[in-house]
Amino acid sequence: STYFFIHIALQGFNPFLLGAIRFTIAGTLLLFWCHKMKEPIWNKQLIKTSAITGILLLFIDMGLVMKAQQYLPSSLIAIVAASTAIWILLLDKKMWKANFKNWNTVLGVLIGFIGVIMLFSEQLLLSLHETGSSNRATGMCLLILGTLSWASGSVYSKYSDSPKGVTFASAAWQMLIAGFLFWIAAFSNGDIQRFNLQATPNSSWIAIVYLIIFGSILAFTSYIWLL
């Protein structure tokens, strides 16, 4: 559903501006909540590791995914994004022995990936006929680079020296740092200058609210906690 709502939001926002608004608001709300809950938020090591993880997971990956969605259907985005689990399996060298000796793990990842393909296969075949081959190639390259960045960030976050028990603060800093970089990119790319508030459809505003609450504060924070 996240990719569907990104597609809707992109009808009113350019990719970098969408990322800037989404992650700045989500990160600010989550950091404020962490402050109210007395969670330590000003730890230097926490901010350092969160910066690296946020750049890989949110700024690079989500930036490339949003750019790719200008060329590819949401169904194909979902299928390629599902391959991230395979990349994590390959990049997590410390777990090679455990993961590749456990056939349940390997089969589980492969079956899940095949299941996603089957789920979106009909929509994918229909939508690909509407997209030019050159655009598809560009979108696929961006998307593959994005999944590699997400997998790299996930493995880094798993073994980083970030303080324990600060999952929410870590997610908040990751979103804030990514949001800051998106603002720089949006300004440099002219996204802010071209933005037309009156021309932005209500559906895009609804989509960005969904992405802030469910895609960022709930889903992304849960993912960081699981790592």
Side-chain angles (χ1 to χ4, degrees), residues 1-10 13-16 18-20 22-23 52-96 99-100 105-159 174-175 177-178 181-182 185-186 189 191 211 215-216 219-220 223-224 226-227:
S1 61
T2 298
Y3 302 110
F4 171 76
F5 280 100
I6 289 175
H7 174 74
I8 298 299
L10 286 172
F13 298 91
N14 286 321
F16 295 140
L18 171 59
R22 172 187 175 183
F23 293 121
I52 296 172
T53 309
I55 290 170
L56 290 170
L57 290 180
L58 299 178
F59 180 64
I60 296 178
D61 173 71
M62 292 308 302
L64 291 173
V65 166
M66 289 187 291
K67 292 294 287 185
Q69 285 210 249
Q70 296 181 315
Y71 307 109
L72 299 171
S74 298
S75 51
L76 181 56
I77 299 284
I79 290 172
V80 178
S83 70
T84 303
I86 299 174
W87 288 118
I88 292 175
L89 207 64
L90 295 174
L91 292 175
D92 193 355
K93 189 175 180 180
K94 291 184 178 181
M95 292 295 293
W96 278 0
N99 288 336
F100 289 109
T105 300
V106 177
L107 286 174
V109 170
L110 293 177
I111 291 171
F113 182 61
I114 293 170
V116 174
I117 294 176
M118 294 176 65
L119 182 66
F120 290 103
S121 59
E122 184 177 352
Q123 301 95 311
L124 177 61
L125 290 173
L126 290 173
S127 56
L128 283 180
H129 291 296
E130 303 172 2
T131 310
S133 57
S134 60
N135 288 340
R136 286 203 301 271
T138 301
M140 283 299 297
C141 289
L142 293 173
L143 196 53
I144 291 170
L145 288 173
T147 57
L148 279 169
S149 181
W150 183 278
S152 301
S154 298
V155 174
Y156 172 81
S157 177
K158 181 178 178 180
Y159 297 110
Q174 288 177 45
M175 288 187 276
I177 291 165
L181 294 175
F182 271 121
N189 195 51
D191 287 6
L211 291 170
S216 299
F220 180 71
Y223 180 78
I224 297 300
L226 287 170
L227 289 176

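Reckoned from all heavy atoms, side chains included, excluding hydrogens, waters and symmetry mates. Along the sequence shown, residues carry numbers from 1.
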Around atom OH of Y156, are there more than 12 heavy atoms from other residues, nucleotides or ligands closer than 6.0 Å?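 More than 12 heavy atoms, drawn from other residues, nucleotides or ligands, come within 6.0 Å of this atom.
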Indicate the atoms forming the closest heavy-atom contact of [X] with [Y], along with that distance.
| X | Y | value |
| --- | --- | --- |
| S216 | M175 | CB-SD, 3.6 Å |
| L91 | S152 | CD1-OG, 3.7 Å |
| A178 | G54 | CB-O, 4.0 Å |

A side-chain contact here means heavy atoms from C-beta on lying under 4.5 Å apart; do K67 and Q70 qualify?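 They are in side-chain contact.
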Using a 4.5 Å cut-off on heavy atoms from C-beta on, say whether the side chain of F59 contacts that of I177.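 Answer no - side chains too far apart.
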Atom pair [atom1] ([X]) and [atom2] ([Y]), whose distance is rounded to the nearest 0.5 Å:
| X | Y | atom1 | atom2 | answer |
| --- | --- | --- | --- | --- |
| D61 | I55 | CG | CD1 | 13.5 Å |
| Y159 | D92 | OH | CG | 3.5 Å |
| L56 | L148 | CG | CG | 11.0 Å |
| L145 | T147 | CG | OG1 | 7.5 Å |
| L57 | I52 | CG | CD1 | 11.5 Å |

Evaluate the criterion side-chain contact (heavy atoms from CB on, under 4.5 Å) for residue pair L64 and L143; output intermediate values, then yes/no. CA-CA 6 Å; L64 291 173; L143 196 53; over 6 Å; no
Main-chain N/O of L58 paired to Q174 side chain as donor or acceptor, under 3.5 Å: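 No, Q174 side chain to L58 backbone: no donor-acceptor pair under 3.5 Å.
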Quick one: does any side-chain atom of T53 pair with a main-chain N or O of G153 as donor and acceptor, under 3.5 Å?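 Here the side-chain-to-backbone pair does not exist.
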Hey, what's the ring geometry for F23 with F182, parallel, tilted or perpendicular (30° and 60° as the breaks)?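 Ring orientation, 0 to 90° scale: parallel.
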Just do the side-chain contact (heavy atoms from CB on, under 4.5 Å) check on W87 and S154 with the steps written out, would you? CA-CA 10 Å; W87 288 118; S154 298; over 6 Å; no
Kindly determine whether R22 and M62 satisfy side-chain contact (heavy atoms from CB on, under 4.5 Å), including the steps that lead there. CA-CA 11 Å; R22 172 187 175 183; M62 292 308 302; 3.6 Å; yes
